[in-house]
Amino acid sequence: MMPGRFIAFEGGEGAGKSTQARLLAEALRAQGRCVAVTREPGGTPGAEAIRALLLAPPGAKDGRAGWTPEAEALLFAAARADHVAHLIRPTLARGEWVICDRFVDSSRAYQGGAGGLGDEAILALHQFGSGGLRPDLVILLEADEALAAERLRARDGDTSDAIGGRGLAYHRAVAARFRRLAEDDPQGFAIIDGTGSPAAVHARVMAALAPLLEARAP
Ligand code: TYD
């Protein structure tokens, strides 16, 4: 059997990844394909448990420091290893599509880029934890800062998680690293303008996926 296709959505908070992942899944299912939609950190019971540790670090509320950058990167890599082994690889092996809201390039942009750990360390963790699995295509959704902030306010109000709540400089560094990763690998990434209506952005996503859809059809 042909393995399925693996698509990851990447981008900063409020870029519209979850909405676009859902719209893409609906479009692919309408074409008769089997599609699993999942997310990181999370996607399996083990990885969801690690997600809770990452987004609300124990002790952080009492003013104690959260995870060190190294511990944070290891936890993301551990969550990913569980997700890849128990959900992503088995689903692809059945010939189904996997659409993932964030994957390893988030670790490269957040922990490796903005967090300062560097790309090599993150890639080494990914090789060890998940055999270096890469998506067939990464859709990088770019939204301008003001629009993303507005979407986040509508979604989260004044609450944000331990990583989403980091300052503007951190999130600018994340966005810059995402763009550099995408520019360095034009085959592996499609940079999509995330402004406009969900339907307009979805049309851009479908255009970027056209070569994959034509190549073969599991
Ligand atoms: P997510 O729930 O996708 O946030 P959002 O919906 O706001 O985009 O991800 C939670 C946070 O975790 C988000 O701030 C990005 C961060 N993150 C990393 O720092 N590294 C990673 O490898 C992943 C997957 C997420």
Side-chain angles (χ1 to χ4, degrees), residues 6-23 37-44 46-57 60 66-84 87-88 98-119 121-130 132-135 138-143 145 147-178 181 192 194 198 201:
F6 179 21
I7 309 298
F9 280 89
E10 296 283 11
E13 283 89 348
K17 297 180 300 299
S18 310
T19 303
Q20 291 304 322
R22 183 172 49 76
L23 292 176
V37 181
T38 186
R39 68 163 181 186
E40 290 208 343
T44 56
E48 291 288 338
I50 297 172
R51 175 187 179 92
L53 292 173
L54 275 161
L55 299 188
W67 303 109
T68 64
E70 290 79 6
E72 183 178 295
L74 285 162
L75 285 168
F76 276 114
R80 184 163 300 122
D82 191 73
H83 189 209
V84 166
L87 192 143
I88 297 179
V98 173
I99 299 173
C100 197
D101 185 345
R102 297 192 182 278
F103 194 61
V104 67
D105 298 308
S106 277
S107 284
R108 297 171 78 194
Y110 284 78
Q111 285 68 48
L117 294 179
D119 206 34
I122 303 303
L123 291 177
L125 290 181
H126 188 52
Q127 188 61 42
F128 177 73
S130 302
L133 180 69
R134 286 294 310 168
V138 179
I139 310 270
L140 174 59
L141 282 181
E142 288 193 324
E145 237 169 51
L147 173 67
E150 197 179 297
R151 283 178 180 161
L152 279 182
R153 260 195 309 279
R155 188 188 74 177
D156 298 345
D158 287 335
T159 64
S160 58
D161 58 61
I163 296 173
R166 289 175 185 167
L168 191 59
Y170 185 90
H171 290 289
R172 283 197 179 140
V174 167
R177 182 57 64 101
F178 268 134
L181 293 173
I192 303 280
V201 179

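Remember, it's 1-based here, ligands and their atoms both numbered in the order they're listed.
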- Query: OG/Ser18 to CD1/Ile99 distance, rounded to the nearest 0.5 angstrom?
  - Reply: 12.0 Å
- Message: I need the contact type for Pro41 against ligand 1. Using non-hydrogen atoms and a strict under-4.0 Å cut-off, is it side chain, backbone, both or neither?
- Response: both
- Task: Take the angle between the ring planes of Tyr110 and Tyr170 and call it parallel below 30°, perpendicular above 60°, tilted in between.
- Result: tilted
- Query: Looking only at N/O atoms, are Asp101 and ligand 1 under 3.5 Å apart anywhere?
  - Reply: no
- Query: Would His83 and Thr38 count as having a side-chain donor-acceptor pair, cut-off 3.5 Å?
  - Reply: yes
- Message: Taking 4.0 angstrom as the limit and counting only heavy atoms of Glu40, give me the atoms of ligand 1 inside it, by number and element.
- Response: 3 (O), 24 (C)
- Message: Within ligand 1, which atoms have a heavy atom of Gly164 less than 4.0 Å away?
- Response: 14 (O)
- Item | Which atom of Ala81 lies closest to which atom of Gly129, heavy atoms considered | CB-O, 3.2 Å
- Message: Please list all pairs meeting salt bridge (charged side-chain N to carboxylate O under 4.0 Å, His left out) that have one or both residues in residues 71-83, counting only residues at least two apart or in different chains.
- Response: Glu40-Arg80, Glu72-Arg166
- Query: So which bit of Arg51 gets within less than 4.0 Å of ligand 1, heavy atoms only: side chain, backbone, both or neither?
  - Reply: side chain
- Contact (N/O only, under 3.5 Å) between Arg39 and ligand 1: no
- Query: Taking all non-hydrogen atoms of both residues, which atom of Ala73 and which atom of Ile122 are closest, and how far apart?
  - Reply: CB-CD1, 4.1 Å
- Item | Distance from atom 24 (C) of ligand 1 to nearest protein heavy atom, with residue and atom | Arg80 NH2, 3.6 Å
- Query: Do any heavy atoms of Arg108 fall under 4.0 Å from ligand 1?
  - Reply: no
- Task: May I have the step-by-step check of side-chain contact (heavy atoms from CB on, under 4.5 Å) for Phe6 and Leu133, ending in yes or no?
- Result: CA-CA 10 Å; Phe6 179 21; Leu133 180 69; 3.7 Å; yes
- Between Glu10 and Arg108, is there a side-chain N and carboxylate O pair less than 4.0 Å apart? no
- Query: Any idea which protein heavy atom is nearest atom 20 (N) of ligand 1, and the distance to it?
  - Reply: Gln111 OE1, 2.8 Å
- With only distance considered, is Glu13 within less than 3.5 Å of ligand 1 through an N or O on each side? yes
- Item | Among Glu72, Arg102, Lys17, closest by any non-hydrogen atom to atom 1 (P) of ligand 1 | Arg102
- Message: Among all protein heavy atoms in this structure, tell me which lies nearest to atom 6 (O) of ligand 1, with the distance rounded to 0.1 Å.
- Response: Arg155 NH1, 3.0 Å
